[in-house]
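Step one of this worksheet: look at the structure below.
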Amino acid sequence: QVQLVESGGGSVQAGGSLRLSCAASGRTVENYFMGWFRQAPGEEREFVAAISWSGGVIEYADSVKGRFTVSRDNTKNTLYLQMNGLKPEDTAVYHCASRQHGVLSTAPSDYRYWGQGTQVTVSS
């Protein structure tokens, strides 16, 4: 059992920055991969970024490459997403998720545990 809680969302102007955090508890040693996904109104949930246990494997969606940075601190059981150069199209509810498999996946269905989400709103 894994529990995930996101924080750090908010409202910013285009070009601004936000840092999201995801605190994990429970059987955290099973979080082989952790990822960030987002869902805008009327849209399907989409992949944003993922990172392996040691940080040796990192993947980003093309839409956020060069602007977002994913990291994790296993001593604190925390996942992060640094978001710079935010655009209005980044507006969405952002969820962190945990995958109990040592292989990268960008599919939401491959992640077992999910946080409640945190709202990010970017105005023009």
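When a residue number appears, it is its place in the shown sequence, counting from 1.
Side-chain contact between Gln119 and Thr91: present, with at least one pair of heavy atoms (C-beta onward) separated by less than 4.5 Å. Residues Arg72 and Thr78 form no side-chain contact, since every pair of their non-hydrogen atoms from C-beta on lies 4.5 Å or further apart. Asp110 places none of its side-chain heavy atoms less than 4.5 Å from the side chain of His101. Using a 4.5 Å cut-off on side-chain heavy atoms (C-beta onward), Arg38 and Glu46 make contact. Annotation: side chain of Val2 is not in contact with side chain of Arg112 (no heavy-atom distance under 4.5 Å). Considering only heavy atoms from C-beta on, Tyr60 comes within 4.5 Å of Thr69 through its side chain.
Atom-to-atom distance recorded for Ile51:CD1 and Trp36:CH2 is 12.0 Å, nearest 0.5 angstrom. Within the model, atoms CZ of Arg45 and OG of Ser109 stand 11.5 Å from one another, a figure rounded to the nearest 0.5 Å. The CG atom of Asn31 sits 6.5 Å away from the CH2 atom of Trp53 when rounded to the nearest 0.5 Å. Atom CZ of Phe33 sits about 11.0 Å away from atom OG of Ser98, to the nearest 0.5 Å. Taking CG from Asn77 and OG1 from Thr75, the interatomic distance works out to 8.0 Å, rounded to the nearest 0.5 Å. One finds the CE atom of Met34 at 5.0 Å from the CG atom of Leu79 (value rounded to the nearest 0.5 Å).
Hydrophobic clustering of Ile, Leu, Val, Met, Phe, Trp and Tyr side chains at less than 4.5 Å, counting indirect connections, unites Val122 with Val64. Hydrophobic clustering keeps Val70 apart from Phe37 (ILVMFWY residues linked when any side-chain heavy atoms are closer than 4.5 Å, directly or through intermediates). Under the 4.5 Å side-chain heavy-atom criterion for ILVMFWY residues, no single connected hydrophobic cluster contains both Tyr113 and Val5. Hydrophobic cluster membership is shared by Leu81 and Ile58, with clusters built from Ile, Leu, Val, Met, Phe, Trp and Tyr side chains linked at under 4.5 angstrom.
Taking 4.0 Å as the cut-off between side-chain N and carboxylate O, Asp62 and Lys65 count as a salt-bridged pair.
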Residues 11-26 side chain polar contacts: donor-acceptor under 3.5 Å, at least two apart:
residue: Gln13; atom: OE1; partner: Ser123; partner atom: OG; Å: 3.4
residue: Ser17; atom: OG; partner: Asn84; partner atom: OD1; Å: 2.9
residue: Ser25; atom: OG; partner: Gln3; partner atom: OE1; Å: 3.1

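Closest approach of Val93 to Gly117, counting heavy atoms only: CG1-CA, 3.9 Å. The shortest heavy-atom contact between Ala50 and Leu104 is CB-CD1, 3.8 Å.
In the displayed structure, Glu89 atom CD is contacted under 6.0 Å by more than 12 heavy atoms of other residues, nucleotides or ligands.
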CA sep, side-chain torsions, deciding dist, call: Phe68, Leu86, side-chain contact (heavy atoms from CB on, under 4.5 Å): CA-CA 9 Å; Phe68 291 9; Leu86 284 163; 3.9 Å; yes

Worked verdict on Arg99 versus Tyr111 for side chain to side chain donor-acceptor pair (under 3.5 Å): CA-CA 4 Å; Arg99 170 167 162 77; Tyr111 289 75; 5.4 Å; no

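Side chain of Tyr80 to main chain of Asp73: no donor-acceptor pair is present (N/O by atom type, distance under 3.5 Å, no hydrogens or angles).
Shown here are the side chain to side chain donor-acceptor pair (under 3.5 Å) partners of Gln116, two or more places apart in sequence or in another chain: Glu6.
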